[in-house]
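Heads up: the structure comes next, in structure tokens.
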2 protein chains.
Amino acid sequence: MKLRTISFLILGMVRFGATSGYAIKKAADAGTSAFWPTSLAQVYPELARLTEGGLLIRHDDSKGGRSRAAYELTEAGEEALLAWLRSPVETPLQMRSEGMLRGFFADALPKEEQLVVLRRQQERIREVKEHLFDGDLRAAAKAIDAGEMRYPIVLGDFGEAALDFTYEWMGQFAEQLEAELSD
Amino acid sequence: MKLRTISFLILGMVRFGATSGYAIKKAADAGTSAFWPTSLAQVYPELARLTEGGLLIRHDDSKGGRSRAAYELTEAGEEALLAWLRSPVETPLQMRSEGMLRGFFADALPKEEQLVVLRRQQERIREVKEHLFDGDLRAAAKAIDAGEMRYPIVLGDFGEAALDFTYEWMGQFAEQLEAELSD
DNA sequence: GTGTGCATGTAAGGAGTTACATGATTGC
DNA sequence: GCAATCATGTAACTCCTTACATGCACAC
């Protein structure tokens with residue numbers, strides 16, 4: 001059975017207390033969507049696959065008329081997760097930033113407009129950072145097993161610091177551009 | 001005609017002097033693959049589409065028995081590129097980092113192993129940074145229209161600074177972990 | 001009683017990758 | 001002569017997203 005990253009994401013979320021597909025998706029949105037986005041249409045088939053492969057067990061957890069599944073890690077599932085966490089193999093970091101691509105070609109614009117675009121991008125960084133505090137990454141620990149998890153917070157801190165760094169860097173470059181313009 | 005990011009990448013590369021599909025791919029590998037990867041199997045069909053849509057003109061640039069096309073921007077193509085560079089609309093930044101996803105679940109490992117994984121990730125950052133100087137982003141300006149482009153270098157500087165920042169941040173966290181372990 | 005959230009799934013389609021197929025030129 | 005690079009394309013496949021389809025529970 002071939003395991004991909006989405007498999008480990010699901011195993012991890014189950015490991016830390018998200019039992020239903022819906023709950024996994026919610027925890028993933030809050031906690032990991034910034035560096036590994038998912039959709040429900042991926043989660044449900046993958047849950048079935050992992051159950052079939054013996055890494056998860058599905059229990060019925062229906063309440064009244066509303067059906068709900070509760071998944072649990074098997075020993076094999078736990079082992080697979082730990083082996084992945086320890087293994088050095090990984091898919092290369094891939095990023096798609098249309099903003100940076102525009103930056104790459106910014107020489108095609110006159111300097112005044114370069115500055116306008118840059119300031120707008122900088123503003124966007126600030127917005128993203130604020131959105132982070134609208135309860136994203138930090139809320140994730142709560143969404144799953146509160147208190148037991150340190151790393152969602154650590155990653156949140158890193159994200160915040162990286163955004164600050166980017167904001168500052170852009171600000172400095174913008175100042176340089178402004179200085180060039182006033183010559 | 002619907003234009004996607006790959007369309008603008010190609011228009012931009014043509015604008016700055018890459019005339020053949022092969023050359024576009026090479027310039028994209030060196031210059032933009034870090035934030036917008038592409039493959040030849042995307043470039044060739046898209047070149048045909050853009051030509052059909054009147055944004056590019058295809059000239060024959062064969063040398064002897066080896067066929068080669070040389071593309072040129074039409075006025076509409078140039079306008080489309082500039083409009084895109086100016087427009088505030090953009091696809092949201094998407095990133096897929098399996099490394100960060102692992103970090104998110106690192107609480108499942110004992111602290112000693114957390115540290116091993118962290119140090120390995122940190123080492124990887126260093127390697128990526130070195131690879132950058134094996135002539136990637138900075139060489140891109142050369143690969144296309146040398147001297148005319150400032151931003152490939154600017155983005156290279158940013159990338160370098162961001163990697164340094166990440167390396168430092170990880171180092172500090174690693175030290176904290178070490179301190180906790182020696183308690 | 002109505003909207004929001006909880007809950008599970010499927011279908012269709014888009015974007016992008018790897019692999020395949022072919023051949024010329026250039027430098028060693 | 002042979003390997004690496006230049007050069008153009010197509011086919012098959014994978015991954016992932018959006019849209020569709022359905023229904024219960026709870027709070028206002």
Side-chain angles (χ1 to χ4, degrees), chain A residues 1-10 13-14 18-30 32-33 35-52 56 58-71 91-92 94-98 101 135 139 143, chain B residues 1-10 13-14 18-30 32-33 35-52 56 58-71 91-92 94-96 98 101 139 143:
Chain A
M1 173 187 204
K2 206 193 154 191
L3 297 178
R4 289 160 300 153
T5 307
I6 178 67
S7 321
F8 299 113
L9 188 155
I10 288 174
M13 289 300 179
V14 172
T19 55
S20 71
Y22 189 86
I24 289 168
K25 174 57 166 52
K26 237 187 103 183
D29 280 350
T32 56
S33 63
F35 38 87
W36 205 277
T38 1
S39 71
L40 276 173
Q42 264 191 300
V43 171
Y44 285 116
E46 187 63 22
L47 277 169
R49 235 172 56 88
L50 291 170
T51 305
E52 205 194 345
L56 290 178
R58 178 183 177 141
H59 306 280
D60 185 58
D61 190 28
S62 301
K63 261 187 189 173
R66 186 199 300 181
S67 74
R68 180 165 60 180
Y71 293 89
T91 60
Q94 27 174 308
M95 187 164 82
R96 287 186 185 268
S97 166
E98 200 181 309
L101 189 64
Chain B
M1 173 186 204
K2 207 192 156 191
L3 297 178
R4 288 160 300 153
T5 307
I6 178 68
S7 321
F8 298 114
L9 187 155
I10 288 174
M13 288 301 180
V14 172
T19 55
S20 71
Y22 189 85
I24 289 168
K25 174 57 165 49
K26 236 187 105 185
D29 280 350
T32 57
S33 63
F35 37 86
W36 205 276
T38 1
S39 68
L40 276 173
Q42 264 190 301
V43 170
Y44 286 116
E46 187 62 22
L47 277 168
R49 235 171 56 87
L50 292 170
T51 305
E52 206 195 345
L56 290 177
R58 178 182 177 140
H59 305 281
D60 185 58
D61 190 27
S62 301
K63 262 187 187 173
R66 186 198 299 180
S67 74
R68 180 165 60 180
Y71 292 89
T91 60
Q94 26 174 306
M95 188 164 83
R96 287 187 185 269
E98 201 181 308
L101 189 64

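Protein chains get the first letters and strands the later ones, always in sequence-line order, with residue 1 at the start of each.
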Sugar-phosphate, base or nothing in reach of A69(B), heavy atoms under 4.0 Å: sugar-phosphate

Any L101(B) side-chain heavy atom under 4.5 Å of R96(B) side chain: no

L56(B) side, atom CG; L47(B) side, atom CG - distance, nearest 0.5 Å: 6.5 Å

NZ on K25(A) to CG on L40(A), rounded to 0.5 Å: 5.0 Å

Covered region of DNA chain D, 5' end to 3' end, by chain B [heavy atoms, under 4.0 Å]: dT5(D) to dT17(D)

Closest approach of Y44(B) to Y22(B) (non-hydrogen atoms, all atoms of both residues): OH-N, 3.6 Å

Straight-line distance of L9(B) CG to T32(B) OG1, nearest 0.5 Å: 4.5 Å

Between P of dA7(C) and CG of D61(A), the distance in whole Å: 8 Å

Selected nucleotide, minimal atom distance to I6(B) side chain, candidates dT17(C), dG16(C), dT8(C): dG16(C)

Distance (rounded to the nearest 0.5 Å) between S20(B) OG and R58(B) CZ: 10.0 Å

Helix axis bend for the helix from dG1(C)-dC28(D) to dC28(C)-dG1(D) - C1'-based end axes, five pairs, 10° rounding: 30°

Phosphate OP1/OP2 of dT8(C) contacted by S67(A) side-chain N/O (<4.0 Å): no

Contact state string [nucleotides 10-15 of chain C, B base, S sugar-phosphate only, - no protein heavy atom under 4.0 Å]: BB---S

Value in whole Å for how far the C1' atom of dG16(C) lies from CG of D29(B): 14 Å

4.5 Å side-chain heavy-atom contact, M95(B) and P37(A): no

For atom CH2 of W36(B) and atom P of dG16(C), their distance in whole Å: 6 Å

Side-chain N or O of Y22(A) closer than 4.0 Å to phosphate OP1/OP2 of dC6(C): yes

Ion pair E46(B)/R49(B), N-O distance below 4.0 Å: yes

Note, T38(B) side chain near I24(B) side chain (heavy atom, < 4.5 Å): no

Verdict with supporting geometry, D61(A) and H59(A), side chain to side chain contact (heavy atoms under 4.5 Å, CB included): CA-CA 6 Å; D61(A) 190 28; H59(A) 306 280; 5.8 Å; no

Whichever of R66(B) and K63(A) has its nearest DNA chain D nucleotide further upstream toward 5': R66(B)

Closest heavy-atom pair and its distance - F8(B), L3(B): CZ-CB, 3.6 Å

